[in-house]
Amino acid sequence: MNNNYLDVKGRIFDIQRFSVHDGPGIRTIIFLKGCRLRCRWCCNPESQEYEIQKMNKDGKETIVGRDVTVREVLEIIEKDRPYYRRSGGGVTLSGGEAMCQPRFTEALFKACKDKGINTAIETTSFAPFETIEKILPYIDTYLMDIKHMDSEKHREYTTQPNELILENARKIAPRVNKMIVRVPVIPGFNDTVKEIKDIAEFTKKLAKVNEIHLLPYHRLGQDKYKELGREYLMGDVLPPDDKKMQELLDAAKSVGLKAQIGG
Amino acid sequence: MSYKIYDCEKTERIDKLKEDLFKKMPEIEADRAVLLTESYMATESEPIIKRRAKAFKHILENIPITIRDNELIVGSATKSPRSCQVFPEFSFEWLEAEFDTIEHRDADPFYISEDTKKKLHEVYKYWKGKTTSELALSYMAPETITAMEHNIFTPGNYFYNGVGHVTVDYGAILKSGYRAIIDRTKNLLADIKVSDADYSRRKEFLESVIISCEAVITYAKRYSALAKEMAEKETDETRKKELLLIAKNCENVPENGARTFYEACQSFWFVQMLIQMESSGHSISPGRFDQYMNPYFEADLETGRISPCFAQELIDCIWIKLNDLNKARDVESARGFAGYSLFQNLIAGGQTIDGLDATNSISFMTIQATMHILLPQPSFSVRVWNGTPHEFMIKAAELTRTGVGLPAYYNDEVIIPSLVNRGLTLQDARDYNIIGCVEPQKSGKTEGWHDAAFFNMCRPLELVFSNGMDKGEQISIKTGEVEDFKTFDEFYDAYKKQQTYMLGLLVNADNSIDVAHAERCPLPFLSCMIEDCLGRGKTVQEGGAIYNFTGPQGFGIANMADSLYAVKKLVFDEKKFTLKELKEALENNFGEDGADNSKDLTVAVAKELAKNGVTVNEDVIKSIYANVKASGTAGNPKYKRIREMILEVPKFGNDIPEVDAFARDVAYTYTKPLETFKNPRGGQYQAGLYPVSANVPLGGQTGATPDGRLAYTPVADGVSPSAGKDVNGPTASCNSVSKLDHFIASNGTLFNMKFHPSALKGTTGLETFVNLIRGYFDQKGSHMQFNVVSRETLLDAQKHPENYKSLVVRVAGYSALFTTLSRSLQDDIINRTEQTNF
């Protein structure tokens, strides 16, 4: 890739500064638009379509999604460098699914590494391994989402099977500096001791990986479905309570992993 | 410097002491005023300095003394806890006028008995025409008085009260006691010659110092005798022993040097409390307590005389005592300094005079004490520099997490060079501490006159629009009709002219008050603890201190930055509306005023309809109301539209370089002209940028501003963005504020942030929080303070104040009990932008 990678364009829908839950330290998260999964609990429904969309918030129309160059994003990333320096933070790409825009993701990460900025990605890794492989050299922390070990159930709740995801996880793990497995804990989907333990055991077998984060389901995305004119499929499912989370945390720890609730 | 962290538990005694503090409402007591007046009447023919000393002596020999239950550190200014004495020599008329209302006013009410009222009424007959306040007023230029009457600025603090705002050389008293000062003063007296040009004044001053110091020694011995007497009657063996030890302590200190840590604590307290008996000036700041106390702790530890946890208990006792003092202010000032605050700022950490890290064991114990007590006093601060130990930062962050609004964080990397720029030596600058809210100074050498006046930076802008008129009166210079300005620069120049003119009047007000204090209330006792008063033979009020400043504080930076940016962009760049239209919109409060009478109109219309035989049910009323509302605003949609356009323009606090540049520049319009002025003590003016809590009441006297702020609502506090306008998260907010030049505002800047408690959860939360401070300080911000209380909690506290009696929040440069604040100030705190982490 030559120097004009700074002009590579990508489609994002949000940039959030001072994020502390997705990778080490104080971070700036770039949310990319477009994802191949349709998880029922998704808290960023506006991230799923690649197309630029309209949302209707309290009668006010807003546009979700904009095309930006790597250079433009870098400008915003640079603003918080003093805080990255103090906290060991940096940039996290999230989504949507960053792997759906591999050229932009690669260019942005490369630009960050050129400037000595720490990088992290939060991804389902539902993409051809060859695509992911090219980006790996630029990633410091790989936040690998694994939602379920049963492919059929995975497909039912996310619209996609899990074979490719699990296969990719095995291949990526030995090739990255640090991988952390992250599991959204969704009531009725994967919130039993057995299901979490299965994921933990899979995690344990991944090369060099020893850390798992359990992220309890929350309802913060609910209003956005309405604003998009969509139905919220989770109905009135409540977030798992503390006792439940503790039980699942113990299950994850029982296989010998470092585990925590939340990112 | 090395340290150990002890993390001692709070003792039962501390809980009891705290409980006793809040048993009764604060009360006004008359003893001091009566004694003072007796003495003044008996010394009419003597020099003023002598009269001050003799009055101080008369008070200390006769004022009732008390040792409260469970106390280990003794010395109380009043019979009742949290009560206050009165200082008629500064001003009294406001209190007499408030005799019947002060108990029920919204900010800082005090109980006052009929007996006290009677006594004070008698005393006040003497003081008519004799106060510093009256003398100051007589010195002021007529245009200054007019500007004050129109609330352009308010020097109310020192106009009505003592000056205070000082840190004495506590270390010297702890080490050698007042006996050493008396001895030195006697030697100085012996050295002066009757033929010296300043013989008379010097002699009177030095003799006054001796009288004052002797009075203090006598006062301490009265406590010693009282403790002995109480011990004799005491049946509880433990308490008896405690009282005997108290008696022994007060026999030795503060007359002589402290021999133990306990004596050092007792000695400290007498100094702290008695400065506040001599004058009503607040912000008597203990300063670097950890630095001057630690040697006594380490020495006792080494000889096994003390256990760390007893030392902690003693420090806790001092913290309680700091909350036992109180001060009644006039109703306006009480709003500006709401929360019964005395601003006794005590600071931990930082550097030694040689530039090494100064954190010691007592530094940690002061944090621990604040966690134990969880009360507004002392105004607790920490110094942060590149070499501050991380665990000290984390311990401080743990205190922040309690929600008490303490500590405030100060950046050595900005403050030290800014003080050097003001002429302090490097060693003195490294030894700085904070006075009151946010004002840095070198202890024992400075008369800083910090907090000299509030200057509302939005008011000169109003004068630009009115061409110097206010409420139908020409109170300022004419800068031209606003509609005639052709360029933004013309407009901005007019602002600068209005501001500079008003700053000149502010200086006139402050200097008049300064002279009045020197002439009517010189303070010999305070002066003997400030260099080089003894050497120069004059009090701090007369220029005896090494460093002399006057520091009035400007506020409303965010409103001004946002206003100027909006005018530049919408009027001059994009030509969306004219200055004339904007002027009308401002005069009409953006068309928002009409909305208030909608209810009345609805009733009128409904009655009219009923008269005409229409059945008026609830639905009809609703529809009338909707119509009235709509037509009420339809009359002036233009103004509303102007405001809508303004609100869409980017605002300060969002890390937008163009807007932030306006903020930096507009701050200069205040800070730069100010530093050219001189005060009567031979020092210069230096600007502060902070509002205490005056942004609320003074905002209440300010019309609508071109940033879209509605009339009479609060102005932005300190250098913080306007409430709710910073929407890009805390790092963006910090970056914007760091764009201001904090070095030139050497009298302090104040940056408020509010966090939801969830943001500081767990170790990660604390680490993140510390790194945020570090990141802001790396960019040369000077000060930061935090409220960590959820919005829900504060709303609930408004609804059920009885459940939140000890809920402490950060107001401005200090913390206060939330439920004691006025409703509008409470609302202002609730409305500050709350940061979470995403």
Side-chain angles (χ1 to χ4, degrees), chain A residues 13-31 43-44 47 57 60 62 72-92 94 117-118 120 122 141 180 211 213 215-216 218 220-221 239 242 245 249 258-263, chain B residues 384-386 388 390 393-394 397 409 411 413 644 647-648 653-657 659-660 726-739 753-756 758-781 784 833-838:
Chain A
F13 70 93
D14 198 10
I15 295 181
Q16 228 166 44
R17 296 165 62 178
F18 195 66
S19 161
V20 297
H21 299 300
D22 302 282
I26 296 173
R27 311 191 71 82
T28 298
I29 309 195
I30 319 295
F31 290 92
C43 63
N44 288 329
S47 75
K57 193 176 182 183
K60 241 191 162 175
T62 52
E72 286 164 349
V73 178
L74 267 185
E75 235 175 74
I76 297 171
I77 290 171
E78 276 290 350
K79 284 172 179 280
D80 281 353
R81 193 187 273 274
Y83 311 97
Y84 311 151
R85 190 165 56 215
R86 282 294 185 175
S87 67
V91 171
T92 301
S94 181
I117 294 170
N118 180 286
E122 194 207 10
T141 305
I180 297 168
E211 196 171 342
H213 295 171
L215 315 180
H218 61 77
L220 299 178
D242 291 350
M245 287 307 298
L249 182 71
K258 201 176 143 197
Q260 69 182 52
I261 297 167
Chain B
V384 180
W385 72 294
N386 289 342
T388 297
H390 188 63
M393 291 296 287
I394 293 291
Y409 298 79
N411 189 3
E413 312 296 345
E644 278 164 20
L647 292 180
E648 272 167 33
N654 294 298
D655 208 358
I656 301 163
V659 190
D660 296 348
D726 49 332
V727 294
N728 284 351
T731 56
S733 185
C734 287
N735 286 358
S736 283
V737 177
S738 76
K739 299 289 180 352
M753 282 198 117
K754 194 163 87 177
F755 276 89
H756 193 268
S758 63
L760 273 80
K761 233 170 111 182
T763 317
T764 323
L766 292 177
E767 291 283 342
T768 305
F769 176 75
V770 166
N771 289 324
L772 180 74
I773 297 171
R774 290 290 201 180
Y776 174 66
F777 281 2
D778 284 347
Q779 299 178 84
K780 307 302 179 203
M784 257 184 143
T833 308
E834 186 170 278
Q835 308 284 3
T836 54
N837 43 25
F838 303 104

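Chain naming here is simple, since letters A, B, ... match the order of the sequence lines and numbering starts at 1 in each. What you see is a predicted model; the values in this text were computed from it and never measured.
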Any idea how A:Phe13 and A:Phe31 line up, ring-wise: parallel (<30°), tilted (30 to 60°), or perpendicular (>60°)?
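Tilted, since the angle between the ring planes falls between 30° and 60°.
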Atom group of B:Asn735 that falls short of 4.5 Å from chain A, counting heavy atoms
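Its backbone and side chain both get close to chain A.
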Tell me, side chain or backbone of B:Glu767 under 4.5 Å from chain A's heavy atoms, or both, or neither?
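Neither part, no heavy atoms under 4.5 Å.
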Is there side-chain contact between A:Glu122 and A:Ile29, with at least one heavy-atom pair below 4.5 Å?
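No. Closest side-chain heavy atoms not under 4.5 Å.
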Going by heavy atoms in the side chains, are B:Met393 and B:Phe769 under 4.5 Å from each other?
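Counting from C-beta outward, B:Met393 and B:Phe769 never come under 4.5 Å.
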Could you look at A:Arg27 and say if it's the side chain, the backbone, both or neither that has a heavy atom under 4.5 Å from chain B?
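Neither part; nothing is under 4.5 Å.
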Can you tell me if CD on B:Glu644 sees more than 12 non-hydrogen neighbours from other groups inside 6.0 Å?
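Counting other residues, nucleotides and ligands, CD of B:Glu644 exceeds 12 neighbours.
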